[in-house]
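For reference, the structure is listed below as structure tokens.
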Amino acid sequence: MTTSDMTGHRVVVVGGAGYIGSVLVGRLLDAGAHVTVFDQLVYDNGFALHHLLDHDRLTVVRGDLRDTEELGRTAAGADDVVLLASLVGDPVCRAYRELAAQVNRDATIRAIDSLGPLGVARFVFTSTCSNYGVHDPDTPATENSVLNPQSLYARTKIDVEEHVLAGTGDVAGTVLRLATAYGMSPRMRFDLTVSQFARALASDESLLVYDADTWRPYCHVRDISRAIMQVLLAPRQDVDGEVFNVGGNSQQFTKRMIVEELRAQLPEAAVEYRAGDTDPRNYRVCFDKIADRLRFAPEHTVKESLNAVVAAVRAGVFPPAEGPRYGNSEVRHLG
């Protein structure tokens with residue numbers, strides 16, 4: 001079996017119609033897996049799977065992560081479960097604090113605890129590098145660094161991480177702390193730094209950038225998907241009970257660096273810098289562990305994605321849309 005061959009694997013992707021999930025599902029199908037998507041479609045994002053719906057190895061179940069019995073019926077007999085579903089990001093968690101705690105922490109922990117009796121062999125929990133919060137950028141954070149969450153979103157992720165790392169019985173569980181995602185996806189988002197900045201400036205809008213010299217790591221949705229698949233295929237002893245930062249050491253930038261890259265092709269872009277945002281996060285991350293243990297290295301760069309978004313926006317590929325079409329600000333269908 002090669003690192004990309006998942007023939008015969010039965011994989012449930014919880015949140016499979018999302019920004020990362022819709023990319024991962026396509027790659028899993030290409031690798032030969034049988035895939036079941038379990039998703040409540042809280043952002044009216046079912047369109048992200050339209051191009052895959054006639055695939056004979058894909059099943060889509062509209063379900064609520066908080067309904068453990070429904071998830072159990074869906075996951076029974078699966079080999080692997082990937083837990084992507086959550087209210088993703090600080091703004092949406094601030095807007096729906098009680099719901100964020102229910103979904104991101106309580107329901108996720110219940111779901112993890114339910115997997116063992118179902119015969120599931122492995123699961124992957126996607127956490128976030130935002131857990132590092134404020135960390136000296138001159139000393140990149142490793143998986144063993146002290147966590148310093150600055151938001152409800154990060155705190156819920158840490159709570160689940162602690163539960164996973166306390167032990168999950170016969171199910172091999174792995175925590176992936178994802179760098180900030182970017183890149184094209186069937187469920188495109190323009191509320192994340194790379195695509196947000198590129199879309200605004202390509203649309204000849206003015207851009208207000210707070211705290212321009214704060215650092216973040218970035219990772220393309222295709223690379224994140226590949227990292228998840230490598231975990232599912234790795235020897236159990238290499239990933240069970242482990243935490244991996246997902247990204248690459250070279251793909252870490254300040255907001256100013258991203259703007260300057262855009263200005264190289266959009267020299268007339270109107271940008272204003274301002275200090276004092278409510279988001280204090282500032283960190284760089286060490287990605288040596290996933291490189292050494294899983295031989296993972298990103299294949300994509302922020303620069304190429306900036307160019308792709310600019311070209312797509314200028315070609316009219318992404319027309320204006322109301323509601324949550326391009327972001328996670330408004331939750332629907334999840335009371």
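We use all heavy atoms of the structure for the numbers below, so side chains are in, but hydrogens, waters and symmetry mates are not. Here, residue 1 is the first one in the sequence, and each next residue gets the next number.
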Atom pair [atom1]/[atom2] of [X] and [Y] - distance to nearest 0.5 Å:
{"X": "Glu69", "Y": "Asp64", "atom1": "CD", "atom2": "CG", "result": "12.5 Å"}
{"X": "Glu143", "Y": "Asn245", "atom1": "CD", "atom2": "CG", "result": "4.0 Å"}
{"X": "Leu58", "Y": "His34", "atom1": "CG", "atom2": "NE2", "result": "11.5 Å"}
{"X": "Leu84", "Y": "Ile20", "atom1": "CG", "atom2": "CD1", "result": "6.0 Å"}

Got a salt bridge between [X] and [Y], using NZ or NE/NH1/NH2 to carboxylate O under 4.0 Å?
{"X": "Asp44", "Y": "Arg332", "answer": "yes"}
{"X": "Arg73", "Y": "Glu70", "answer": "no"}
{"X": "Asp223", "Y": "Arg226", "answer": "yes"}

Check the side chains of [Y] and [X] for a donor-acceptor pair under 3.5 angstrom, ignoring hydrogens and angles.
{"X": "Glu161", "Y": "Asn131", "result": "yes"}
{"X": "Asp90", "Y": "Ser151", "result": "yes"}
{"X": "Asp5", "Y": "Thr7", "result": "yes"}

How about [X]: does its [atom1] atom have over 12 heavy atoms from other parts shown lying under 6.0 Å from it?
{"X": "Glu272", "atom1": "CD", "value": "yes"}
{"X": "Asp292", "atom1": "CG", "value": "yes"}
{"X": "Lys303", "atom1": "NZ", "value": "no"}

**Asked** Regarding Arg325 and the six-membered ring of Phe47, is the cationic atom NZ or CZ under 6.0 Å from the ring centre and inside 45° of its axis?
**Response**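 Yes, cation above the ring, under 6.0 Å and within 45°.
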**Message:** Quick check with a 6.0 Å cut-off and a 45 degree axis cone: is Arg199 positioned over the face of Phe190's six-membered ring?
**Reply:**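 Pair Arg199/Phe190 counts as cation-pi.
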**Message:** Quick check on the hydrophobic clustering: are Val221 and Leu52 connected, directly or via other members, by side-chain heavy-atom contacts under 4.5 Å?
**Reply:**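 Looking at the clustering, Leu52 is in the same group as Val221.
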**Asked** If every non-hydrogen atom of Tyr96 is compared with every non-hydrogen atom of Val331, which pair is closest and at what distance?
**Response**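 Closest heavy-atom pair between Tyr96 and Val331: OH-N, 3.2 Å.
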**Message:** Does any part of the side chain of Phe38, heavy atoms only, come nearer than 4.5 Å to the side chain of Arg62, both counted from C-beta?
**Reply:**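 When only atoms from C-beta onward are counted, Phe38 and Arg62 do not touch, as no gap falls below 4.5 Å.
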**Item:** salt bridge (Lys or Arg N to Asp or Glu O under 4.0 Å) between Asp79 and Arg10, worked out
**Value:** CA-CA 5 Å; Asp79 301 300; Arg10 294 162 296 176; 3.1 Å; yes
